[in-house]
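What follows is a short report on a single structure.
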Amino acid sequence: MEVYNTLTRQKETFQPREPGNVYIYVCGPTTYNYIHLGNARPLVFFDTVRRYLEWKDYKVLFVQNFTDIDDKIINKAAEEKRDPLELSRSYINEYFKDAGALNVRRADIHPLVTEHINEIINLVEKLVDNNHAYVVDGDVYFEVRKFAGYGKLSRRTLDDMQAGTRVEVDARKRDPLDFVLWKAAKPGEPHWESPWGPGRPGWHIECSAMSLKYLGINFDIHGGGFDLVFPHHENEIAQSEAATGKPFVRYWLHNGFITVNEEKMSKSLGNFFLVRDILAQFPAETVRFFLLSTHYRSPLDFNDEELAAAGRGLERIKTSIGLLAEALAKACRQDARDLIAGQIISRKHTFDMRLDEFKDSFEAAMDDDFNTALAIGTCFDLAREVNTAVQRLGESISAADRASLHKAMELFTAFNEVLGIFKVGEDGAVLISSVAEDESDLTEGLIGLIIKVRQESRKKKDWGTADRIRDGLKDLGIVLEDTPQGVRWKKQG
RNA sequence: GGCGACAUAGCCAAGUGGUAAGGCAGAGGACUGCAAAUCCUCCAUUCCCCGGUUCAAAUCCGGGUGUCGCCUCCA
């Protein structure tokens with residue numbers, strides 16, 4: 001397996017610190033608002049990374065923090081006259097709703113900054129003690145000039161960066177790029193006691209403190225959006241390695257941006273789409289599918305047309321799984337009949353799919369720096385193979401074909417374990433039923449009745465009535481398909 | 001101003017030296033009462049432009065153009 005490491009700017013063979021175990025830290029959101037689509041991309045992508053590693057039988061420890069105290073939270077809380085910590089708690093709750101809808105699994109550990117103040121203070125003390133940090137008026141700054149490797153992740157030298165400095169420099173800093181590890185509290189702000197007086201952690205130190213606590217030195221994967229490369233991750237490396245004297249992280253993975261109308265989506269530009277607003281318009285599985293349909297390092301432009309197109313593509317895969325399930329059900333009934341007749345009739349083997357090839361190509365795609373776009377291509381290839389086969393099989397299905405059908409379903413299920421596009425039932429099988437789960441027996445019965453009546457009209461070649469019923473149901477969001485095997489109905493996707 | 005990324009069909013998108021995956025849209029055909037779904041066929045002699053290296057380049061090198069991003073909170 002190869003992963004692209006931002007630190008070396010190339011694909012490297014993935015070798016975890018401990019064979020068989022992978023330790024991952026992903027920078028989570030600052031909880032002062034609902035998450036937007038730009039937040040959703042790393043969530044979905046790193047969730048997929050985690051799923052894939054587990055699929056490959058790695059034992060994964062996955063940590064994602066919440067930044068639950070910082071300027072933005074304090075400001076927003078002041079605006080709304082709320083307690084900052086209460087505010088961030090409430091957005092953490094909302095985060096779980098949105099992420100859950102996107103089928104993003106909870107991390108093994110979701111550490112909060114406010115619950116790791118001691119660890120943070122200890123780390124800052126270490127940096128002060130070993131002269132990598134200095135104290136000014138209750139603030140503690142990291143001294144970048146004292147850390148030789150500063151700039152190695154973002155590939156910039158300190159002098160490069162000075163030339164482009166756009167903010168006014170705090171005269172108390174020894175270097176304009178020195179960044180705050182501990183921030184003295186202003187009156188009325190949330191604060192914790194520390195050796196330097198009451199204050200709160202700077203932004204970067206939390207991730208170092210918490211990742212080192214849970215994952216140890218030199219853990220495997222640290223992820224986040226590309227905009228975190230500088231300064232956030234650069235600073236994490238500096239402070240962590242200055243404190244421990246050892247390499248901080250083995251592989252740095254960064255996802256590209258979501259753009260809207262070709263422009264970066266960001267909270268400050270105000271052009272962001274909240275996940276929950278998008279989910280009001282599009283099924284969550286379509287959104288997840290859309291996010292995974294482009295390689296994670298490429299930019300991804302968001303617009304309704306592309307999302308709708310993704311939905312239509314996804315529908316194709318769903319249909320295929322549905323056809324497969326139908327054929328399997330038929331095969332099972334036939335199994336029962338054959339058993340009753342005392343024989344399993346072995347017919348000519350007609351459904352010899354290249355099933356193992358699909359698994360291989362899926363795995364090869366994911367092994368190549370998590371190429372989900374290519375892996376999805378394999379899903380489409382499998383769908384076509386299944387559709388062709390199912391169409392050809394007809395009424396009597398041989399034992400060999402039954403085995404192939406099962407195998408094809410297992411493949412869809414396996415691919416979905418990684419991609420997480422479809423929800424799965426308790427038995428682990430993909431749920432693609434177009435009938436909503438809350439569909440009542442009454443609805444089912446009514447539609448069944450209507451279909452029966454329509455079939456009688458069709459028998460009498462009363463096409464006018466038959467079409468009126470079909471059109472009428474379509475207006476209600478129920479799509480009827482007359483197939484050689486009978487009438488099939490589904491809710492409009 | 002400094003640094004970096006990207007440019008593949010109408011649209012989205014894989015592909016980093018061996019002769020252009022896949023999806024959406026579109027055209028034709030099979031099936032169907034019609035539709036839908038499905039299947040089959042077609043849909044980039046060519047990968048922004050110009051040079052170069054090579055038996056061979058979308059892929060490597062140089063130059064140009066364009067787009068985007070980072071250097072400030074950001075996923």
Side-chain angles (χ1 to χ4, degrees), chain A residues 9 11 26-30 32 35-46 67 70-72 75 151 154-157 159-168 177 203 223-232 234 254-259 262-269 272 289-290 293-295 297-301 303 305-317 319-320 322-323 361 365 368 371-381 383-384 386-392 458 461-464 466-467 470-471 474 479-485 487-490:
Chain A
R9 307 281 155 125
K11 285 184 195 170
V26 178
C27 288
T30 301
Y32 68 107
I35 57 168
H36 58 72
L37 192 63
N39 295 305
R41 167 118 97 152
L43 293 181
V44 167
F45 170 64
F46 287 106
T67 299
D70 109 324
D71 287 349
K72 294 188 292 281
N75 292 340
S154 53
R155 301 263 162 141
R156 277 177 274 217
T157 67
D159 298 317
D160 282 347
M161 289 185 274
Q162 312 257 299
T165 304
R166 280 197 248 154
V167 268
E168 72 274 29
L177 285 151
W203 172 39
F226 223 95
D227 52 351
L228 293 181
V229 170
F230 189 89
H232 186 54
E234 192 70 63
H254 293 98
N255 62 276
F257 296 115
I258 302 265
T259 57
E262 317 271 300
E263 199 179 41
K264 182 183 167 183
M265 166 173 355
S266 73
K267 290 181 183 178
S268 55
L269 281 174
F272 57 90
F289 180 78
F290 173 71
S293 64
T294 298
H295 184 87
R297 282 190 282 116
S298 301
L300 176 57
D301 193 55
N303 58 70
E305 292 72 38
E306 284 313 318
L307 212 45
R312 286 190 292 271
L314 184 59
E315 197 61 34
R316 193 175 148 70
I317 296 173
T319 300
S320 180
L323 291 170
S361 60
D368 184 10
N371 193 335
T372 51
L374 193 55
I376 284 172
T378 301
C379 295
F380 280 108
D381 292 338
R384 161 156 295 145
V386 164
N387 291 341
T388 304
V390 166
Q391 182 166 281
R392 210 174 42 207
R458 291 184 71 212
K461 296 198 191 301
D462 179 2
W463 309 124
D467 290 350
R470 189 172 60 197
D471 293 345
K474 189 168 186 204
V479 179
L480 255 47
E481 294 172 7
D482 301 322
T483 74
Q485 290 81 38
V487 183
R488 191 181 292 136
W489 71 273
K490 63 179 181 185

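Because the structure is a prediction, the values reported are computed rather than measured. Each chain gets a letter, A, B and so on, in the order its sequence line appears, and its residues count up from 1. Every heavy atom of this structure was used, including side-chain atoms; hydrogens, water molecules and symmetry mates were not.
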(message) Looking at Asp467(A) and G33(B), is any side-chain donor or acceptor paired with a base atom of the opposite kind under 3.5 Å?
(response) yes
(request) Calculate, to the nearest 0.5 Å, the distance between atoms SG and CG belonging to Cys379(A) and Leu374(A) respectively. (result) 10.5 Å
(request) Only counting residues at least two apart or in another chain, list the ones meeting side chain to side chain donor-acceptor pair (under 3.5 Å) with Asp462(A). (result) Thr465(A)
(message) Go nucleotide by nucleotide along RNA chain B from the 5' end; which of Ser320(A) and Phe226(A) gets its closest nucleotide reached first?
(response) Ser320(A)
(request) Measure from the side-chain heavy atoms of Trp463(A) and tell me the nearest of A37(B), G33(B), A75(B). (result) G33(B)
(request) Could you pull out all residues at least two apart from Thr294(A) that satisfy side chain to side chain donor-acceptor pair (under 3.5 Å)? (result) none
(request) Identify all stems in which RNA chain B takes part, counting only runs of at least 3 consecutive pairs (Watson-Crick or G-U wobble, each distance under 3.5 Å), and give each as one range with another, ordered by first number. (result) B:1-7 with B:65-71, B:10-12 with B:22-24, B:26-30 with B:38-42, B:48-52 with B:60-64
(message) Reading RNA chain B from 5' onward, which residue's closest nucleotide shows up sooner: Leu480(A) or Phe290(A)?
(response) Phe290(A)
(message) Between U46(B) and A35(B), how far apart are the two C1' atoms, rounded to whole Å?
(response) 39 Å
(request) Apply ring-ring contact (aromatic ring centres under 6.0 Å, His included) to His254(A) and list each qualifying residue two or more places apart in sequence or on a separate chain. (result) Phe226(A), His233(A)
(request) Pick the C1' atom in A58(B) and in C47(B), then give their distance to the nearest Å. (result) 4 Å
(request) Just jot down the salt bridge (charged side-chain N to carboxylate O under 4.0 Å, His left out) partners of Arg156(A), sequence neighbours excluded, or say none. (result) none
(message) Counting only side-chain heavy atoms from C-beta out, which of A36(B), C34(B), G4(B) sits nearest to Arg9(A)?
(response) G4(B)
(request) Please state how far atom CZ in Arg297(A) lies from atom P in A7(B), giving the value in whole angstrom units. (result) 12 Å
(request) Determine the Euclidean distance between corresponding C1' atoms of C24(B) and C31(B); express it in Å to zero decimal places. (result) 24 Å
(request) Would you kindly give the NE2-to-C1' distance between His254(A) and G4(B), to the nearest whole Å? (result) 14 Å
(request) Starting at NE2 of His295(A), measure out to CG of Leu300(A) and round the result to the nearest 0.5 Å. (result) 12.5 Å
(message) Expressed as a whole number of angstroms, how long is the span from Phe230(A):CZ to A5(B):P?
(response) 17 Å
(request) Tell me whether the OP1 or OP2 atom of A75(B) has a side-chain N or O from Asn39(A) closer than 4.0 Å. (result) yes
(message) Can you give me the closest heavy-atom contact between Gly38(A) and Ile258(A), atom names plus distance?
(response) CA-CG1, 4.0 Å
(message) Taking salt bridge (charged side-chain N to carboxylate O under 4.0 Å, His left out) as the definition, give me every residue that meets it alongside Asp482(A), ordered by chain and number, with sequence neighbours left out.
(response) Arg454(A), Arg458(A), Arg470(A)
(message) Rounding to an integer number of angstrom, what distance separates U38(B) and U32(B) when you compare their C1' atoms?
(response) 12 Å
(request) Just jot down the salt bridge (charged side-chain N to carboxylate O under 4.0 Å, His left out) partners of Lys11(A), sequence neighbours excluded, or say none. (result) Asp368(A)
(message) Distance check, C1' atoms only: C48(B) and C68(B), in whole angstrom units.
(response) 15 Å
(message) Does a side-chain N or O of Asn371(A) approach OP1 or OP2 of G15(B) to a distance below 4.0 Å, or not?
(response) yes
(message) With rounding to the closest Å, how many angstrom separate the P atoms on A36(B) and A75(B)?
(response) 45 Å
(message) Can you measure Leu300(A) atom CG to A75(B) atom C1' for me and round it to whole angstrom units?
(response) 13 Å
(message) Rounded to whole Å, please give me the gap between NE2 in His232(A) and C1' in C71(B).
(response) 17 Å
(message) Let's go through Arg384(A) and Thr388(A) carefully: what are the C-alpha distance in whole Å and the side-chain angles of both, what is the deciding distance for side-chain contact (heavy atoms from CB on, under 4.5 Å) to 0.1 Å, and is it a yes or a no?
(response) CA-CA 6 Å; Arg384(A) 161 156 295 145; Thr388(A) 304; 4.2 Å; yes
(message) So, does Thr157(A) get its side chain near the phosphate of C3(B), meaning an N or O under 4.0 Å from OP1 or OP2?
(response) no
(request) Send over the distance from Arg156(A) CZ to C70(B) P, rounded to a whole Å. (result) 10 Å
(request) Kindly write out the residues that satisfy side chain to side chain donor-acceptor pair (under 3.5 Å) with Ser320(A), not counting sequence neighbours, or none if the list is empty. (result) Asn387(A)
(request) Encode nucleotides 18-32 of chain B as B, S and - characters from 5' to 3', where the letter depends on protein heavy atoms closer than 4.0 Å: B to the base, S only to sugar-phosphate, - to neither. (result) ---BSSSS-------
(message) Taking only the C1' atom of each, what is the distance from C6(B) to C12(B) in whole angstrom?
(response) 16 Å
(request) Look at the side chain of Arg41(A) against the base of A75(B) and say whether a donor-acceptor pair falls under 3.5 Å; ignore hydrogens and angles. (result) no
(request) Counting heavy atoms from C-beta on, name the nucleotide in C39(B), A14(B), A36(B) closest to the side chain of Asn387(A). (result) C39(B)
(request) In whole angstrom, give the distance that lies between atom CD of Glu315(A) and atom C1' of A37(B). (result) 10 Å
(request) Between C43(B) and A27(B), how far apart are the C1' atoms? Round to whole Å, please. (result) 8 Å
(message) From C-beta outward on Thr388(A), which listed nucleotide comes closest to its side chain: U38(B), C40(B), A36(B)?
(response) C40(B)
(message) Tell me whether the side-chain N or O atoms of Arg392(A) pair up with the base of C39(B) as donor and acceptor below 3.5 Å, since no angle test is needed here.
(response) no
(request) Would you kindly give the CD1-to-C1' distance between Ile317(A) and U38(B), to the nearest whole Å? (result) 15 Å
(message) Would you say that Asn39(A) contacts His36(A) through its side chain, given a criterion of any heavy-atom pair below 4.5 Å between the two side chains?
(response) yes
(request) Describe the nucleic acid contact of Gly224(A) in one word from base, sugar-phosphate, nothing, applying a heavy-atom distance below 4.0 Å. (result) sugar-phosphate
(message) Once you apply a heavy-atom cut-off of 4.0 Å, does Gly256(A) come out as touching a base, just sugar-phosphate, or nothing?
(response) base
